[in-house]
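One structure is given below, encoded as structure tokens.
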2 protein chains.
Amino acid sequence: MDMKPALRSPTITDVAEAAGVSPMTVSRVLNGRGGAGEETRRRVLEAAQALSYRPNAFAKSLKNDRSNTVGIVVPDIVNPFFPEIIRGAELVARPAGYTLLSCNVVEDPEREEEVLGMLLDKRVDGLIICSARLDDERLLRAIAPHRAVVLINRAAAKRHAGTIEVDYRAGVDAVVTQLIAQGRRRFGFAAGPAASQGGRKRREGIEAALARHGLSLVFDLPCTPDLQGGAEIAARLLPEIAQVDAMICYNDLIALGLMKPLEQAGIRVPEDIALVGCDDIPASDLVSPALTTLRIAKQDLGEMAMRMLLDRIAGRNTQQGIVIEPDPIWRATTPRLPG
Amino acid sequence: MDMKPALRSPTITDVAEAAGVSPMTVSRVLNGRGGAGEETRRRVLEAAQALSYRPNAFAKSLKNDRSNTVGIVVPDIVNPFFPEIIRGAELVARPAGYTLLSCNVVEDPEREEEVLGMLLDKRVDGLIICSARLDDERLLRAIAPHRAVVLINRAAAKRHAGTIEVDYRAGVDAVVTQLIAQGRRRFGFAAGPAASQGGRKRREGIEAALARHGLSLVFDLPCTPDLQGGAEIAARLLPEIAQVDAMICYNDLIALGLMKPLEQAGIRVPEDIALVGCDDIPASDLVSPALTTLRIAKQDLGEMAMRMLLDRIAGRNTQQGIVIEPDPIWRATTPRLPG
DNA sequence: TGGAGTTACGTTATCGTTATCTCAATCCTG
DNA sequence: CAGGATTGAGATAACGATAACGTAACTCCA
């Protein structure tokens with residue numbers, strides 16, 4: 001026999017009437033501002049409970065110009081790298097009273113710009129952008145009107161945003177150096193999206209290591225940062241496969257996407273080609289041979305970014321930029337030296 | 001020499017003053033309501049452009065009691081099953097003018113309840129709940145105040161919500177039947193979260209198929225629906241492994257988590273144990289042996305759910321419930337019959 | 001006992017938008 | 001060219017919550 005819920009949800013005025021006080025008093029009680037008598041307080045709380053009153057977030061936001069919402073923009077939510085970052089960010093945001101609005105850009109700069117505008121409309125109190133794909137000028141313009149911004153893996157505009165960067169350069173350098181020591185000489189690079197700053201960092205790392213040994217890249221091909229990108233690289237690489245004995249991939253997905261086509265073409269990993277990914281997504285440890293990669297503490301990264309963002313929202317721009325080091329994880333696609 | 005952006009973002013009144021008209025006229029022009037002269041229209045648009053005016057979503061929502069935001073609640077965003085659903089939902093929501101607020105519950109009913117309340121505060125116009133973990137009563141109470149709800153894989157409360165279900169029962173039945181035909185007799189079930197309705201459906205499918213052959217389950221163990229859950233099942237299973245020659249897993253992650261421990265214990269897949277997962281996440285086709293699984297059109301699922309939700313928001317409750325069939329994908333963990 | 005200080009509320013105005021009403025100017029149409 | 005229809009635009013009043021201010025009643029001590 002329960003009634004249909006009223007079409008209109010109860011407002012503070014409804015509660016006030018039910019409790020026989022003014023809306024202002026209800027507001028005071030519910031926000032613990034004090035200045036309300038014990039008896040009144042009780043009546044208000046009872047009324048609010050009875051009506052299952054929930055303050056209207058819009059009205060509140062309109063009044064104080066704060067949404068208690070923060071955004072996070074990622075290139076592709078289906079890429080396993082990003083959900084972990086989102087989870088980390090959410091883990092910090094929620095206890096701090098913020099709702100996280102996560103937005104998917106599907107690797108499209110236009111979409112990124114659009115999303116940044118949408119977040120502005122929603123008046124988020126701040127936002128995190130992962131691996132921005134916009135060029136510097138458009139990115140700057142898009143973040144300028146925002147109250148607080150943290151960029152992950154994009155060290156542009158330090159004046160207007162905090163930054164957290166993974167030191168891919170050093171990580172990749174170390175891995176390539178080790179591979180050279182293991183006898184690899186002819187390196188290819190599956191470079192990922194051309195617009196990625198992280199991609200350029202990885203390239204610098206490779207080239208630095210190679211240069212120290214008088215070597216240079218044999219292949220350097222852009223591709224989408226997913227399994228299919230790896231498959232496409234494989235297709236283009238196969239005719240001239242003998243030119244390469246080690247592939248460094250922008251991320252694990254690309255590396256994993258490479259493995260099956262190589263195998264089907266009779267090219268052995270790691271005997272013919274050593275393979276290195278980046279990110280250490282869970283799948284990389286499940287395939288055979290297991291994939292050597294650079295591990296990034298993804299959830300930590302998300303947590304750090306959110307903490308930095310909340311600091312900036314609160315006006316405490318304590319740290320402008322953080323650099324975190326990736327960990328090389330040596331697995332079967334890059335065998336140890338014999339002996 | 002550009003000025004610092006004003007602390008306060010421009011309002012419709014600012015635009016009105018710049019254009020020398022009333023705010024109402026600006027509103028009309030910007031919303032294409034007509035009733036504005038050509039010359040006026042031009043001036044307003046110019047002024048809005050010049051100030052890079054963006055209407056305040058709060059004020060708008062407060063006025064028309066619509067947020068143009070919909071929520072989607074998932075148990076765990078790190079589980080690769082869900083990002084694809086989210087992407088599908090977003091692909092439909094955005095062109096329709098809706099922002100998608102995706103919320104992560106981390107497999108915790110309390111959190112789920114909390115999130116549903118938060119979405120109520122934010123006055124979402126509707127929401128999709130994936131694999132709700134709340135019991136019927138609490139779920140019903142939590143969704144009652146919402147304007148429109150679609151449940152994925154949870155056929156409770158058809159009166160208050162649209163539902164989309166995967167017919168796991170039939171899918172699992174078909175797979176188990178085939179495995180029996182291939183000679184497997186002793187089945188174990190890694191059942192996933194006890195609160196999952198989908199888990200019960202899978203169990204029904206297994207038991208139906210087994211019953212037709214006078215068989216019954218040897219193992220039926222709950223576990224978390226992730227790699228670690230699989231590893232734990234493996235640990236508990238190992239002492240008595242000989243009792244089982246086929247494992248059906250709640251999802252691919254569990255199955256994949258099982259594989260390495262089994263291998264390390266010298267148990268061969270598929271020779272000693274056939275292995276079946278569910279969902280067909282990308283990793284399942286990358287491991288060796290590749291995992292047999294039930295494929296679910298995850299992105300389609302998300303798209304369908306969002307279309308259904310938008311229908312319900314618009315008051316068109318055309319279809320109450322949809323059932324979609326999973327596709328068995330036969331791979332190496334369940335070898336074909338010899339001959 | 002009277003004025004200052006305190007407590008417990010209520011009133012008013014405001015955030016930015018827009019539905020509704022109003023009004024003036026312009027347009028036909030017979 | 002009178003009178004009704006149409007068009008362009010402004011004024012007003014909400015939406016729900018709350019900051020700022022106002023006020024009545026009470027406390028307290030000289």
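Each chain gets a letter, A, B and so on, in the order its sequence line appears, and its residues count up from 1.
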Original post:
Which is true for A/S61 with a 4.0 Å heavy-atom rule: it touches a base, it touches only sugar-phosphate, or it touches nothing?
Top reply: nothing
Subject >> More than 12 heavy atoms of other groups within 6.0 Å of A/R138 CZ >> reply: yes
**OP:** Only counting residues at least two apart or in another chain, list the ones meeting side chain to side chain donor-acceptor pair (under 3.5 Å) with A/S131.
**Re:** none
Original post:
What are the 5'-most and 3'-most nucleotides of DNA chain D lying under 4.0 Å from any heavy atom of chain B?
Top reply: D/dG8 to D/dG16
Original post:
Side chain of B/E112, backbone of B/R133: donor and acceptor closer than 3.5 Å?
Top reply: yes
Subject >> Spacing of A/E38 atom CD relative to C/dT7 atom C1', expressed in whole Å >> reply: 14 Å
Subject >> Listed once per pair and sorted, the side-chain hydrogen bond (donor to acceptor under 3.5 Å, both in side chains) pairs that draw on residues 74-89 of chain A, sequence neighbours left out >> reply: A/R87-A/Q299
Original post:
Within the structure shown, what part of the strands sits under 4.0 Å from A/R33 by heavy-atom distance: base, sugar-phosphate, or nothing?
Top reply: sugar-phosphate
Subject >> For B/E17, all residues meeting salt bridge (Lys or Arg N to Asp or Glu O under 4.0 Å), sequence neighbours excluded >> reply: none
Original post:
Between B/R66 (CZ) and C/dT18 (C1'), how many Å, whole number?
Top reply: 15 Å
Subject >> Residue list, side chain to side chain contact (heavy atoms under 4.5 Å, CB included) with B/E137, at least two apart or on another chain >> reply: B/D135, B/R141
Original post:
For the pair made of CG in B/N31 and P in C/dT17, what is the distance, rounded to whole Å?
Top reply: 10 Å
**OP:** Kindly calculate the angle separating the two end axes of the helix from C/dT1-D/dA30 to C/dG30-D/dC1, each obtained from five base pairs, and round it to 10 degrees.
**Re:** 40°
**OP:** To the nearest Å, give me how far apart CZ (B/R28) and C1' (C/dT18) are.
**Re:** 10 Å
**OP:** Map B/G37 and A/L62 onto DNA chain D by nearest heavy atom, then report which one ends up closer to the 5' terminus.
**Re:** B/G37
**OP:** For the pair A/T25 (side chain) and A/V21 (backbone), establish whether a donor and an acceptor sit closer than 3.5 Å, ignoring hydrogens and angles.
**Re:** no
Subject >> A/K63 NZ to C/dT14 P, straight-line distance once rounded to whole Å >> reply: 10 Å
Original post:
Taking only residues at least two apart or on different chains, which pairs with a member in residues 28-37 of chain A satisfy side-chain hydrogen bond (donor to acceptor under 3.5 Å, both in side chains)?
Top reply: A/S27-A/N31
**OP:** Quickly work out the A/R123 CZ to C/dG16 P distance and round it to whole Å.
**Re:** 9 Å
Original post:
Does any residue of residues 15-26 of chain B have a heavy atom under 4.0 Å from DNA chain D, and if so, which ones, in number order?
Top reply: B/V21, B/S22, B/M24, B/T25
Original post:
Has the side chain of B/N153 got a donor or acceptor atom that lies under 3.5 Å from a matching backbone atom of B/Q197?
Top reply: no
**OP:** May I have all residue pairs that pass salt bridge (Lys or Arg N to Asp or Glu O under 4.0 Å) and include part of residues 117-131 of chain A, sequence neighbours excluded?
**Re:** A/D121-B/R54
Original post:
Which of these passes side chain to side chain contact (heavy atoms under 4.5 Å, CB included) with B/I128: B/V149, B/L309, B/I85?
Top reply: B/L309
**OP:** With sequence neighbours excluded, tell me which residues meet side chain to side chain contact (heavy atoms under 4.5 Å, CB included) with A/A47.
**Re:** A/V15, A/A18, A/A19
**OP:** Could you tell me whether a side-chain N or O of A/R154 sits under 3.5 Å from a main-chain N or O of A/L134, the two making a donor and an acceptor?
**Re:** yes
**OP:** Scan residues 41-60 of chain B against DNA chain D and write down, sorted by residue number, each residue with any heavy atom closer than 4.0 Å; if none is found, say none.
**Re:** none
Subject >> Any residue meeting side chain to side chain donor-acceptor pair (under 3.5 Å) with B/E46, in chain and number order, not counting sequence neighbours >> reply: B/R42
